[in-house]
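Step one of this worksheet: look at the structure below.
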Amino acid sequence: MADSVRIDAPAKLNLRLRVLGRESSGFHALETVFCAVSLADEVTVRRSEGELRLVVDGATDLGPPEHNLVRRAALRYFEGIGEPARGRITLLKRIPVAGGLGGGSSDAAATLTALDALHGGRAGSESLLRWAAELGSDVPFFLCGGALALGWSRGERLLVLPPLPPRPVLIANPGVEMPTPKAFRALADARGGGWTAWPCALDAGALRSWEGVAEIAGNDFEELAGRSVPRIAQGLAEMRVRGAIVAQLAGSGSSVFGVFTSPELRDAAEAPLRHRGFTCWRAETLATPPLPRSIAG
Ligand code: C5P
């Protein structure tokens, strides 16, 4: 068995994000389309006899260690397999924090996957999915085995979809953190509570092409985010003018993204976004999720 396993932890975009209403648990029922992209953190787990240790590289402030999702995922894994938590985990952070791109959730899923690869698949995919859902609503997507999926309930129930052809993506972060609970609260307040969704019949065929996706795209958080941070609305308008086929808020914010038909169009949109104060990343949508790989040393 390998002594170290490394895996990329990709960011996600919600190509569609509808918030249907508030459940009695306090969570919100969603209808969403997740898509993984090439902008990724990297998680490496190493076998060692010492107590579990997490080293974070390249990070901004990730908050208190006990809240860190990588640490919580590792503790959940060892509890699940009934062994003391041991080893060394290195997290290389590239995805902006609290930016709506699912970075923390992806890191947690990558930790579960890498640890299970290191332990010869002892837990298995069903347990991993269950632990993932305990860790956060977005975590199961990163374990579902696909790069595109329809998600509902809190986002933890998934229909894995055939991949779309990869497209260039520009991701732009305005430098404002938008914590998810706050965004859900603001949306619920703005709506005055209750269930607000109209009946709707989604065409599965729409999810087979980017033109179809553009038809069903939308994000319920976008209007409020654009009102509270006008730069977000301006950035989205800029992406649309520059030819994005889908330009949208990422998750509950604060990042925005544009999907383009060519790398040239994407690259041409970058300078105007930077000029408006966004930090930008060039990426691509993924057709397959990353796999864990054994590494020497
Ligand atoms: O599931 P996760 O830990 O990512 O959620 C963070 C917070 O976001 C929750 O505590 C809740 O306030 C809000 N949330 C929600 N409904 C969802 C997902 C998240 O209200 N479906």
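Residues: numbered from 1 along the sequence shown. One-based numbering, in listed order, for ligands and for the atoms of each.
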Protein contact of atom 8 (O) of ligand 1 - nearest heavy atom, named by residue and atom, plus distance | Thr180 CG2, 3.5 Å
Look at the rings of Phe184 and His28 and say which category their plane angle falls in: under 30° parallel, 30 to 60° tilted, over 60° perpendicular.
-> parallel
the protein heavy atom lying closest to atom 19 (C) of ligand 1 turns out to be Phe184 CE1, 3.5 Å
Rounding to 0.5 Å, atoms CD (Glu83) and CG (Leu115) come to a distance of 11.0 Å
Could you tell me whether Glu51 and Arg88 make a salt bridge, using a distance below 4.0 angstrom between a side-chain N and a carboxylate O?
-> no
Subset of ligand 1 atoms that lie under 4.0 Å from at least one heavy atom of Gly26 = 20 (O)
Among all protein non-hydrogen atoms, which one is nearest to atom 18 (C) of ligand 1, and what is the separation to 0.1 Å?
-> Ser137 OG, 3.5 Å
Under the side chain to side chain contact (heavy atoms under 4.5 Å, CB included) rule, what do Ile89 and Val55 come out as? Steps first, then yes or no, please.
-> CA-CA 6 Å; Ile89 305 180; Val55 179; over 6 Å; no
Among Gly102, Pro181, Ser252, Gly251, which residue places a heavy atom closest to atom 12 (O) of ligand 1?
-> Pro181
Atom 9 (C) of ligand 1: closest protein heavy atom, distance to 0.1 Å, is Phe27 CE2, 3.8 Å
Using the side chain to side chain contact (heavy atoms under 4.5 Å, CB included) rule, take Val45 and Val43 through it: C-alpha gap first, then chi angles, then the decisive distance, then the call.
-> CA-CA 7 Å; Val45 298; Val43 173; 4.3 Å; yes
Where ligand 1 meets Arg154 - atom numbers and elements under 4.0 angstrom, heavy-atom basis = 21 (N)
What atoms of ligand 1 come closer than 4.0 angstrom to any heavy atom of His28?
-> 15 (C), 16 (N), 17 (C), 20 (O), 21 (N)
Would you check whether Ser153 reaches within less than 4.0 Å of ligand 1, judged by its heavy atoms?
-> no
Under 3.5 Å, is there a donor-acceptor pair linking the side chains of Thr44 and Arg6?
-> yes
Heavy-atom nearest neighbour in the protein, as seen from atom 3 (O) of ligand 1, with distance rounded to 0.1 Å = Gly136 CA, 4.0 Å
Take the angle between the ring planes of His119 and Phe78 and call it parallel below 30°, perpendicular above 60°, tilted in between.
-> perpendicular
Taking atom types as modelled, find out whether Asn173 and Thr279 have a side-chain donor-acceptor pair closer than 3.5 angstrom.
-> no
What atoms of ligand 1 come within less than 4.0 Å of a heavy atom belonging to Leu30?
-> 21 (N)
